[in-house]
2 protein chains.
Amino acid sequence: MSSGLEQVSGGRLASSGGSRHHHHPIVRKLARLVPLTEADTAALGQLSASMRQVAAHTDLVHEGAPLTEAVLVLQGFAIRYQLRDTGARQILAYLVPGDLCDPDAALLGELDCTISTLSACFVARVPQGVLSDILEQHPNVARGLRLAKLIEEATTRCWLTNAGCRSALERMAHLLCELQVRLQVVGFATEDGYELPITQHDLGDTLGLSNVHVNRTLRVLREQRLIEHHGKQLTILDLPRLQEIAEFKPGYLRSTASHARLPL
Amino acid sequence: MSSGLEQVSGGRLASSGGSRHHHHPIVRKLARLVPLTEADTAALGQLSASMRQVAAHTDLVHEGAPLTEAVLVLQGFAIRYQLRDTGARQILAYLVPGDLCDPDAALLGELDCTISTLSACFVARVPQGVLSDILEQHPNVARGLRLAKLIEEATTRCWLTNAGCRSALERMAHLLCELQVRLQVVGFATEDGYELPITQHDLGDTLGLSNVHVNRTLRVLREQRLIEHHGKQLTILDLPRLQEIAEFKPGYLRSTASHARLPL
DNA sequence: TTTGGCATATAACAATTGTTACTCTGAGTG
DNA sequence: CACTCAGAGTAACAATTGTTATATGCCAAA
């Protein structure tokens, strides 16, 4: 009953022979950033050729491992994180459907953080060769992915501002607003909310808060009738006010259509 | 009496006609990352052609402004920061001598943060054209700058981990250790310490702490005989222990010579 | 169906960090 | 030289957040 990617069947895209790739999250995402031709769209569809399902809390790429493939998330929530010696975990980024991680790290040879799933996910491993071929033959796609990378960096900076100078309530509100925009771009959120299949402990490791304080903070948001959540379903009751609390300025996500046309 | 860049005179490099650029901070920095030929080194020297002195606390590039030039720091401390509506400032990165900021942002068209000086600085503005010519003609330099960019990103992630899951003392220790390594690479630090010409308020905006708590934290480090500071001069009395407190792992800075040969 | 375990929820208390207010010093300036 | 002011230093108190403990609910495995 989860939204999106209804064409998943047996670990393969049922429609992989056809040309209708417009619903692929990475296509939806890049189409906001650059104009895409049918050929571009089809090429992006190839990225998910080796899609497979991964259980929640599974490491995909370990810190320090040599990196030869990129990881494309098609469904579910994945993260990049670092571990301290104390066992504390800092989540550095969320990877939601349409996010491609991390083509560039090949230059450094290894990654300084670990890629893992938070929820059950559909992910595709993309060999460097396949990716570089596409980048070469599809300059629009190449430009789109470079833009996406810059947006990811801006998002990291935003998270640093979050951690450095926002209160727990503001931080939580900001994260919920950011996810609302990012998930809506790829069709995994409506205007009212989205499925947030992660624990309060995970939220704590994201925001630099204890799980208890995450719980307190969510309660405040609930009591103020800003959000509701039943199970994994998050409903945003008052988005404007939530954004106001968070001082959320979505510009850094480049999510408005003003920056590019949609594909024909 | 400040160390490094003794050749500064009248806003120009006195030796700009010669070929001895090895002492330039950006040359020292990149030489750790990639092999550099004499030609590469000379080309890097050109970057500081339009060097000028800038007073402390001067904005160089404003948030939202169209970006047509990169900024190269030759001496002093500069930063990237974001402002909240409340007036709170989050410092996102330090730009120390040898750091080049931000060639890539041209793709996005505008920057999401402001570049500013903390101390009096010598900086050079590098027009996009000059930079792209050099990148084209000197692949080693291009590769070095790409590596430097990746290192900068890793540093930002590290700062996020800092803010998210380290105590004030650990955060401060980590910052001091990081600067020790970065400044030593470009010849602005000895093994014992370095000049740190920034206020406790600035440190607070860096670490997400109040200025009062910064003061407390520095006092603890002093009382434990880990550091000393008289005026702007920071002396590190016990680097191993400071690194231990910070859980500092310098790998992300790629500062050890094991990754590349020095130029002939 | 029962059970075990994980996630949520909440309370009481502790620790960290922020805020306000004040003093002191030193560098720059008239 | 006196004056000003920014920055460092400190204390007292307040607010936020973390820790520990315990209870509850719910889903999945036996």
Side-chain angles (χ1 to χ4, degrees), chain A residues 1-2 55-58 77 84 86-90 117-120 162-173 175 195-223 227-235 245, chain B residues 1-2 55-58 77 84 86-90 117-120 162-175 195-224 227-235 245:
Chain A
M1 207 49 186
S2 53
H57 303 288
T58 307
F77 277 65
R84 290 192 57 192
T86 62
R89 175 180 66 161
Q90 177 64 43
T117 58
L118 278 187
S119 69
N162 238 11
C165 54
R166 273 190 248 260
S167 71
L169 192 74
E170 294 167 337
R171 267 182 263 183
M172 179 68 74
L175 179 65
E195 194 182 335
L196 186 65
I198 72 185
T199 68
Q200 295 181 359
H201 189 90
D202 294 332
L203 285 172
D205 288 351
T206 305
L207 300 171
L209 301 170
S210 69
N211 56 347
V212 175
H213 203 61
V214 166
N215 188 290
R216 281 195 274 250
T217 305
L218 286 173
R219 179 171 55 173
V220 172
L221 290 175
R222 254 184 291 133
E223 286 171 352
I227 66 167
E228 259 179 5
H229 54 127
H230 302 102
K232 299 299 178 195
Q233 185 61 34
L234 177 82
T235 307
I245 288 176
Chain B
M1 206 51 188
S2 54
H57 303 287
T58 308
F77 277 65
R84 291 192 56 190
T86 61
R89 175 180 66 159
Q90 177 63 43
T117 58
L118 279 186
S119 68
N162 238 12
C165 55
R166 273 190 248 260
S167 70
L169 193 73
E170 294 166 336
R171 267 182 263 183
M172 180 66 75
H174 199 280
L175 178 65
E195 194 182 335
L196 186 66
I198 71 185
T199 69
Q200 295 183 357
H201 189 89
D202 294 331
L203 285 172
D205 288 351
T206 305
L207 300 172
L209 301 171
S210 68
N211 56 346
V212 175
H213 203 61
V214 165
N215 188 291
R216 281 196 274 250
T217 304
L218 286 173
R219 179 170 56 171
V220 171
L221 290 175
R222 254 184 290 132
E223 286 171 351
Q224 299 200 0
I227 66 168
E228 259 179 6
H229 53 127
H230 301 103
K232 298 301 179 195
Q233 185 61 36
L234 177 80
T235 307
I245 288 175

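In what follows, chains are A, B, ... by sequence order, proteins preceding strands, each numbered from 1.
Put simply, chain B comes within 4.0 Å of DNA chain D, heavy atom to any atom, from dG7(D) to dA12(D), going 5' to 3'.
Between L209(A) and Q200(B), it is Q200(B) whose nearest contact on DNA chain D lies nearer the 5' terminus.
Within 4.0 Å (heavy atoms only), S210(A) reaches at least one base atom of the nucleic acid. Within the nucleic acid shown, G208(A) comes within 4.0 Å of sugar-phosphate atoms alone, with no base atom in reach, counting heavy atoms only.
In terms of heavy atoms, R171(A) sits closest to R166(A) at NE-O, 3.0 Å. Shortest non-hydrogen contact noted between K232(B) and P197(B) is CD-CA, 3.7 Å. E170(B) and I245(B) get closest at one heavy-atom pair: CG-O, 3.5 Å.
Sorted pairs that involve residues 207-223 of chain B and meet salt bridge (Lys or Arg N to Asp or Glu O under 4.0 Å), not counting sequence neighbours, are lacking altogether.
Scored by the side chain to side chain contact (heavy atoms under 4.5 Å, CB included) test, D202(B) finds H57(B), R89(B), L118(B), I198(B), T199(B) as partners (sequence neighbours excluded). Residues meeting the side chain to side chain contact (heavy atoms under 4.5 Å, CB included) test with A56(B), sequence neighbours left out: none. Judged as a side-chain hydrogen bond (donor to acceptor under 3.5 Å, both in side chains), and not counting sequence neighbours, T235(B) has no contacts. In this structure, the side-chain hydrogen bond (donor to acceptor under 3.5 Å, both in side chains) partners of N215(A), at least two apart in sequence or on a different chain, are Q200(A). For T217(A), the side chain to side chain contact (heavy atoms under 4.5 Å, CB included) partners two or more places apart in sequence, or in a different chain, are A168(A), L169(A), M172(A), H213(A). Here T117(B) pairs with V54(B), T58(B), L60(B), C121(B) under the side chain to side chain contact (heavy atoms under 4.5 Å, CB included) rule; sequence neighbours left out. The side-chain hydrogen bond (donor to acceptor under 3.5 Å, both in side chains) test applied to E228(B) returns R225(B), not counting sequence neighbours.
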N/O contacts under 3.5 Å, protein versus nucleotides 27-30 of chain C?
none

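For the contact set between residues 212-219 of chain A and DNA chain D, defined by any heavy atom under 4.0 Å, the members are V212(A), H213(A), R216(A).
Between H230(B) atom NE2 and dG26(C) atom C1' the separation is 15 Å, expressed in whole Å. Atoms NZ (K232(A)) and C1' (dA7(C)) sit 7 Å apart, rounded to a whole Å.
Two end axes, each from the C1' atoms of five base pairs, can be drawn for the helix from dT1(C)-dA30(D) to dG30(C)-dC1(D); they diverge by 40°, to 10 degrees.
Here the NE2-CG distance, from H229(B) to L218(B), works out to 5.0 Å after rounding to the nearest 0.5 Å.
Counting only distance, with no hydrogens or angles, the side chain of Q90(B) and the backbone of T206(B) share a donor-acceptor pair below 3.5 Å.
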